[in-house]
Amino acid sequence: MESAYMGTGTEMEKGENARLSSMIGAMAIADLVKTTLGPKGMDKILQSVDPNDQSISVTNDGATILGKIPLDNAAAKVLVDMSKVQDNEVGDGTTSVAVLCGELLREAEQLLLQQRIHPQTICAGWRLATKEAKQALEACATEDVTRDDLLKIASTTLSSKLVHAEKKHFAELSVAAVERLKGSGNLDHIQIIKLPGGSMRDSYLEDGFLLEKSIGVGQPRRVENCKILLANTSMDTDKIKIYGSRVQVDSLNKVADIEQAEKLKMKKKVDKILAHGCNVFINRQLIYNYPESLFAQNKVMAIEHADFDGIERLAAVTGGEVVSTFDSPEKTTLGECDVLEQIMIGESKVLKLGGCKSGAACTIVLRGSSNHLLDEAERSLHDALCILSATLKYPRRIYGGGCTEVAMAGAIDKLAKETPGKQALAMAGFAKALLQLPMIIADNGGYDAAELVTQLRAAHAAGKNDFGLNMSNGTIGSMNELGVMESFRSKLQVLTSAAEAAEMILRVDDIIKCAPRRREEMM
């Protein structure tokens, strides 16, 4: 009937078809990434099909995998966006949140098709279950976090990554870097640079800030008590750039006069820069030969082509401002550091800014045998830094290894027995979906998932509330003794985001695909 008044190219799916289409798309995305979950999870190779870009990535990071997959299903895109939000908020749990949402929808599918329960009834039961799960999670969390806890949280985060063989080393690097922030949580002060060569064990934390740039010809290689002018300005006007125009002159002398005028214009600009009293000039754009020689004559170190992220980070750590005009030196804030020098790391030359105005500034130098390994190590370290920063902001921690999932499922099951009506069935489905997380983790390790999870539930029923999966030998054990800990903030975000996204997808009853309006219709 609707097709009678809809434009050409419009498609519509209604009722059960629309709901199933959404749910199947979301479950397919969850199934795609669930094999990467846990310390024994597998990696994915992502290969570009662009003929001009045949690059590959090897990763098990949920947000990275989902972000690089082109999708056509609307519900699947909801899961991808949710995973990205999880990555931005806390850095870890990007796979868990997609898997939990997929398992919730799998349970909802059975309730809809087999027991004919209305979606709104399922959503109402899920809201009750989410509230109870949050209370159970709060009860599992501690009220304070020590440095030892931070190391264990970082180790747990890194245990599922490519760097798990050196997780203690990288956990120590992450905690040492985050502690320098003194609670600010501004990860811009921590730079990660990747230098191929050596082994991952050779990675280290460098005090100060490292810049992968070179110094101009004939300029000082070491400057102390640096006054740094950070700029985003064009330093190439010594070249004549009049495109599409013709300049007619009656002699070569006139051409020389034009070039001389351009040089004079550039010299005035350099003089304005030098009037700021700086001994280091860092520009986002290129610095051409003539201004470079002028800086060298005045014993000023000039560094070109610091990209936008680099120049913004430099402004944060040196306390300076990025400027584009140089007419008011008294209004410009210069960056400061004790020393700027060129150093060698392996076979690479880098610039080191030591004693920055922001004492939090530091650089983690990653070493490894290949660029693919370094890229994955950077993603792993970024997750660890984000989760530590979130933990310091919300200083509470919980036990990992499926411990909290079993505790939350037990609390929901207990409440479901006391709840009348069909909502209790939705709550029981929510509890079953939560138990799927430790089941999948055990499956990915090649263990008997049903046996381990039933043992874990029995242990929790017996009062062993810190028990979880010991993935090293395929048994259950005390997470406190094993040192398997997670951030409370991360787990809460996973629970909340997955429940909200699953409810949103479940409430869909129509999918309308519209063709773009033609230009002549809009005129």
Check your understanding: Atom CG in L435, atom CE in M408: separation rounded to 0.5 Å?
Key -> 9.5 Å
**Study point:** Stepwise side-chain contact (heavy atoms from CB on, under 4.5 Å) check, I398 with C403
**Key:** CA-CA 9 Å; I398 53 175; C403 174; over 6 Å; no
Check your understanding: Is it true that E503 and R127 make a salt bridge, defined as a side-chain N closer than 4.0 Å to a carboxylate O?
Key -> yes
Review point. Just checking, is any N or O donor in the side chain of S96 or K491 under 3.5 Å from an acceptor N or O on the other one?
Key: no
**Study point:** Any side-chain heavy-atom pair of L353 and T318 under 4.5 Å
**Key:** yes
Point to revise | CD1-OG distance between I387 and S490, expressed to the nearest 0.5 angstrom | key: 4.0 Å
Study note, to complete from the structure: Tested for salt bridge (charged side-chain N to carboxylate O under 4.0 Å, His left out) against E172, the lone hit among K167, K152, R201, R147 is R147
Review point. Taking C-beta and beyond as the side chain, do L79 and I505 meet within less than 4.5 Å on heavy atoms?
Key: yes
Revision key, fill the gap. Tightest non-hydrogen contact, residues P438 and L469, listed as O-CD1, 3.4 Å
Check your understanding: How about T146 and D148: does a side-chain donor come under 3.5 Å of a side-chain acceptor?
Key -> no
Exercise for review: Mind running side-chain contact (heavy atoms from CB on, under 4.5 Å) on L150 and V178 for me, showing each step along the way?
Suggested key: CA-CA 10 Å; L150 291 176; V178 169; over 6 Å; no
Exercise for review: Please confirm whether the backbone N or O of Q493 pairs with a side-chain atom of T496, one donor and one acceptor, at under 3.5 Å?
Suggested key: no
Review point. Under the side-chain contact (heavy atoms from CB on, under 4.5 Å) criterion, do Q285 and N232 qualify, and how do the steps go?
Key: CA-CA 6 Å; Q285 301 180 40; N232 179 13; 3.0 Å; yes
Review point. Counting only heavy atoms not in H382, do more than 12 fall under 6.0 Å of its NE2?
Key: no
Point to revise | Steps toward side-chain hydrogen bond (donor to acceptor under 3.5 Å, both in side chains) verdict (T35, K44) | key: CA-CA 9 Å; T35 56; K44 308 284 185 191; 2.9 Å; yes
Review point. How many angstroms lie between CD in E109 and CG in L104, if you round to the nearest 0.5 Å?
Key: 13.0 Å
Review point. For L452 and I476, which heavy atoms make the closest approach, and how far apart are they?
Key: O-CG2, 3.8 Å
Practice item. Report yes if some heavy atom in the side chain of I441 is under 4.5 Å from a heavy atom in the side chain of P39; otherwise report no. Key: yes
**Study point:** Gap separating the CG atom of L151 from the CE atom of M485, nearest 0.5 angstrom
**Key:** 11.0 Å
Practice item. Taking the side chain as every heavy atom from C-beta outward, state whether M42 and N60 have any pair of such atoms under 4.5 Å apart. Key: no
Exercise for review: Measure across R180 and C362 and return the closest heavy-atom pair with its distance rounded to 0.1 Å.
Suggested key: NE-CB, 3.5 Å
Point to revise | Sub-4.5 Å side-chain heavy-atom contact between Q455 and T475 | key: no
Review point. Side-chain contact, heavy-atom cut-off 4.5 Å: L506 with L112?
Key: yes
Review point. Okay, side chain of D92, backbone of L158: is any donor-acceptor separation there less than 3.5 Å?
Key: no
Check your understanding: Is the shortest distance from a Lys or Arg side-chain nitrogen in R106 or E103 to a carboxylate oxygen in the other one below 4.0 Å?
Key -> yes
Review point. For the side chain of R507 and the backbone of Q120, is there at least one donor-acceptor N/O pair under 3.5 Å apart?
Key: no
Practice item. Measure from NZ or CZ of R397 to the centre of the six-membered ring of Y399 and say whether it is under 6.0 Å with the direction within 45° of the ring axis. Key: yes
Study note, to complete from the structure: The reported gap from CD in Q115 to NZ in K422 (rounded to nearest 0.5 angstrom) is 8.5 Å
Review point. Do you know the tightest heavy-atom contact between K194 and L374?
Key: CD-O, 3.7 Å
Review point. In this structure, are over 12 heavy atoms from other groups packed under 6.0 Å from I56 atom CD1?
Key: yes
**Study point:** Distance-minimising heavy-atom pair for A76 and I29
**Key:** CB-CG1, 3.4 Å
**Study point:** Sub-4.5 Å side-chain heavy-atom contact between L366 and S203
**Key:** yes
Exercise for review: Give a yes or no on this: more than 12 heavy atoms of other residues, nucleotides or ligands lie within 6.0 Å of atom CD of E418.
Suggested key: yes
Review point. Is the NZ atom of K464 crowded by more than 12 outside heavy atoms at less than 6.0 Å?
Key: no
Exercise for review: May I ask you to say whether K84 pairs ionically with D87, meaning some side-chain N is under 4.0 Å from a carboxylate O?
Suggested key: no
Exercise for review: Step by step, work out the side-chain contact (heavy atoms from CB on, under 4.5 Å) result for V58 and E376.
Suggested key: CA-CA 7 Å; V58 183; E376 180 63 5; 5.9 Å; no
Point to revise | Residue pair L415 / L128: nearest heavy atoms and the distance that separates them | key: CD2-O, 4.3 Å
Practice item. Measure from the side-chain N and O atoms of S83 to the backbone N and O of V80, and report whether any donor-acceptor pair falls under 3.5 Å. Key: no
Review point. Do N465 and C140 have side chains that get closer than 4.5 Å, going by heavy atoms?
Key: no
Review point. Taking the side chain from K213 and the backbone from H305, do they hold a donor-acceptor pair closer than 3.5 Å?
Key: yes
Practice item. Quick one: pull up CG in L425 and OG1 in T121 and give me the separation to the nearest 0.5 Å. Key: 10.0 Å
Review point. Would you call D375 and R379 a salt bridge, using N to O less than 4.0 angstrom?
Key: no
Check your understanding: When you measure from the side chain of S174 to the backbone N and O of A384, does any donor-acceptor pair fall under 3.5 Å?
Key -> no
